[in-house]
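For reference, the structure is listed below as structure tokens.
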Protein chains: 2
Amino acid sequence: MKAHQIVLQWVEREIAGGRLEIGQRLPAERAIAQQLEVSRTSVREAIRVLEAMGMVRSGVGSGPDAGTLITADPSAPFTSAMRLHLATSHLPAADIVQTRVLLESWAVEHAKLSSPSLDSALALLEAMDVPDISAERFLELDAEFHVALSQAAGNILISTMMGSLRDSIGHYTLDMISNLPDWSATAARLRSEHHGIYDAIRTASPSLASELVVAHIEGYYREAGFSSPEQAGAEIIERTS
Amino acid sequence: MKAHQIVLQWVEREIAGGRLEIGQRLPAERAIAQQLEVSRTSVREAIRVLEAMGMVRSGVGSGPDAGTLITADPSAPFTSAMRLHLATSHLPAADIVQTRVLLESWAVEHAKLSSPSLDSALALLEAMDVPDISAERFLELDAEFHVALSQAAGNILISTMMGSLRDSIGHYTLDMISNLPDWSATAARLRSEHHGIYDAIRTASPSLASELVVAHIEGYYREAGFSSPEQAGAEIIERTS
DNA sequence: GCGGCTCTATGGTTGGACCACAAGATGATG
DNA sequence: CATCATCTTGTGGTCCAACCATAGAGCCGC
């Protein structure tokens, strides 16, 4: 077993055993190295891995922001790993769109009316309603709106995956604007659909909300000139390669 | 920007630009360090991160297994990160079960009859049919069977997530055996349900297959004494904490 | 030919040194 | 006494030089 893996294993056991918890600090790198009898270099390699997995966050100096703090950001590994794997073209964009539709339609169907995420969604909805908003800003809020919706179901795993997909999705929704015949008309339609989805959730019509979401997403791709998410994915791969 | 991030960025650009591809080797650590004007230590930290994300695989010595090979195993980051985040109890097991049902029911509904994964699934099915199989071995094959099914839809992202969930799921399906009143009876039922699912896919009855999968998974939890996956998750957290 | 040897290049590991940073302790100064 | 500058301490960030372990490549003696 490699030296840095010893450290990883130790950290995992400390966490699983409750001796380390979120919000606490890891011992100093030099202290861990001494305790586990490995070099500080190896400790640092392990911490880099933990950092990439969103388990810790390091800060220099002293004070509240210093030291290696144990966090728990499950989205970090998904986001960064997905971006890299996308670059290899072994993860087709079409798969991402397809997955998005699946996760999001499920999430709105199982949204909990008591979730505070719905309030955030409403705020985003209103932010999108301002008249002279730029297309970039609109799509940004759009993405956040969809993530907020998917959080309302209360499944951390699914909302996390949606949050990670959001970044990947953001890259090409913007590209697709140029394919639209009339952005302001599209924006108006998107606004109306967003409100429709939101209202369906609020009035406890889960299956309707789900259908509207699917239609909303697929409609956007259709209007941008793709007859299906599969083709959209293929086209995007063409253009970015 | 930290030194190791420079390396990560460089690797990402090399891959995105097609100058590095899967199957090729990264330059030697010392060479990268010299080229990017960072220390070898920083290069190694970056490689550790890439390794954790399933992007590379390092080997010492010389020959075909030596050097740092660019792979593309999207399941690696999901699996390891999920295990760690599970340990923090910020990722409830119930969420995992719920996600599994969602992904798997979608996958069988969209399974492609031409997929070779279906042949693998059949082989696994037959392996599970041998009379004197142990419960452990049966559940192992069971897990592989479900992963094979989810691969048949051809969505890399979804099958990858299922593969990662499989590890987490495996931990507690085994635990649940003790809750079963009659294992051999349950095994017989599972076999029959597996064949039912497989046949539904083969006979191009996607919605039936999907329903059977949901019933199959939820039925297992019910028989083990949980009335819903949510309760199962809660119970598992109790027992492992 | 063939077995064993050295050579070489790879990643793996280590200890030590130094830097940048930020808070807290200290002390000079008005 | 209050205030501000300075020093101290402890943190992560970086780098270097050396050494080890591995495993193929090539050479040499037989």
Side-chain angles (χ1 to χ4, degrees), chain A residues 1-11 14-15 19-73 76 80, chain B residues 1-11 14-15 19-73 76 80:
Chain A
M1 171 167 287
K2 293 174 187 171
H4 80 273
Q5 292 178 312
I6 294 176
V7 181
L8 285 173
Q9 197 178 50
W10 175 80
V11 171
E14 291 294 302
I15 291 177
R19 292 177 292 282
L20 285 178
E21 290 184 352
I22 295 174
Q24 288 184 342
R25 275 174 186 71
L26 236 53
E29 294 177 354
R30 292 164 176 89
I32 298 177
Q34 193 171 12
Q35 180 179 343
L36 300 184
E37 297 182 307
V38 295
S39 70
R40 192 182 153 209
T41 309
S42 301
V43 174
R44 287 181 57 75
E45 286 182 1
I47 289 180
R48 280 285 120 82
V49 173
L50 292 172
E51 206 171 27
M53 295 198 292
M55 289 297 305
V56 303
R57 191 223 65 203
S58 294
V60 294
S62 56
D65 277 2
T68 303
L69 192 70
I70 302 178
T71 61
D73 175 16
S80 57
Chain B
M1 174 168 285
K2 293 176 187 170
H4 82 273
Q5 292 178 312
I6 295 175
V7 182
L8 284 174
Q9 197 178 50
W10 176 81
V11 171
E14 291 294 302
I15 291 177
R19 291 178 293 281
L20 285 178
E21 291 183 352
I22 294 174
Q24 288 183 344
R25 276 176 186 69
L26 237 53
E29 295 177 353
R30 292 165 176 88
I32 297 176
Q34 194 171 13
Q35 180 179 343
L36 300 185
E37 296 182 307
V38 295
S39 71
R40 193 182 155 209
T41 309
S42 301
V43 174
R44 286 180 57 75
E45 287 182 0
I47 289 180
R48 281 284 120 82
V49 172
L50 292 172
E51 205 172 27
M53 296 198 291
M55 289 296 307
V56 303
R57 191 224 64 204
S58 294
V60 293
S62 56
D65 277 2
T68 303
L69 191 70
I70 302 177
T71 61
D73 175 15
S80 56

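What you are looking at is a predicted structure, and each value in this text was computed from that prediction instead of being measured. In what follows, every chain begins at residue 1, and chains take the letters A, B, ... in the order their sequences are listed.
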Nearest 0.5 Å, what's the [atom1]-[atom2] distance between [X] and [Y]?
X     : Y     : atom1 : atom2 : answer
B:D73 : B:I22 : CG    : CD1   : 10.5 Å
A:I32 : A:I47 : CD1   : CD1   : 5.0 Å
B:K2  : A:E51 : NZ    : CD    : 4.5 Å
B:E21 : B:E14 : CD    : CD    : 11.5 Å
B:W10 : B:L20 : CH2   : CG    : 5.5 Å
B:E45 : A:R48 : CD    : CZ    : 4.5 Å

>> Any residue in residues 40-48 of chain A with a heavy atom nearer than 4.0 angstrom to DNA chain C? Just list them by number, or reply none.
In response: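 Going residue by residue through residues 40-48 of chain A, the ones with a heavy atom under 4.0 Å of DNA chain C turn out to be A:R40, A:T41, A:S42.
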> Angle, rounded to 10°, between the helical axes spanning five pairs at each terminus of the helix from C:dG1-D:dC30 to C:dG30-D:dC1?
Replying inline: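 The end-segment axes of the helix from C:dG1-D:dC30 to C:dG30-D:dC1 are tilted 30° relative to each other.
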>> Could you tell me if the side chain of B:L50 sits less than 4.5 Å from the side chain of B:V11, heavy atoms only?
In response: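 They are in contact (side-chain heavy atoms under 4.5 Å apart), so the answer is yes.
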> Looking at side-chain heavy atoms only, is the closest gap between B:I6 and B:M1 below 4.5 Å?
Replying inline: yes
Atom pairs and distances, side-chain donor-acceptor, residues 53-66 of chain B, under 3.5 Å, sequence neighbours left out:
from, atom 1, to, atom 2, distance (Å)
B:R57, NH2, B:D65, O, 3.3
B:S58, OG, B:T68, OG1, 3.4

>> Quick check on contacts: within residues 20-39 of chain A, what sits under 4.0 Å from DNA chain D by heavy-atom distance?
In response: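 Going residue by residue through residues 20-39 of chain A, the ones with a heavy atom under 4.0 Å of DNA chain D turn out to be A:A28, A:E29, A:R30.
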> Got a sec? Which of residues 49-63 of chain B come in under 4.0 Å of DNA chain D, heavy atoms?
Replying inline: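 B:V60, B:G61, B:S62, B:G63 - these, ordered by number, are the residues of the stretch whose heavy atoms sit under 4.0 Å from the strand.
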>> Counting only heavy atoms from other residues, nucleotides and ligands, does the tally under 6.0 Å from CD of A:Q24 exceed 12?
In response: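 Yes, enclosed.
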> Between which nucleotides of DNA chain C, 5' to 3', does chain B make heavy-atom contacts below 4.0 Å?
Replying inline: C:dT10 to C:dT13
Taking all heavy atoms of [X] and all of [Y], pick out the closest pair and write down the distance.
X     : Y     : result
B:S80 : B:A52 : OG-O, 4.3 Å
B:S42 : B:H4  : O-CB, 3.5 Å
B:L8  : B:A46 : CD2-O, 3.6 Å

> Reckon B:A66 touches a base, only the sugar-phosphate, or nothing at all at heavy-atom distances under 4.0 Å?
Replying inline: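 Result for B:A66 = nothing.
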> How long is the line joining NE2 of B:H4 and P of D:dG13, in whole Å?
Replying inline: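 That distance rounds to 9 Å.
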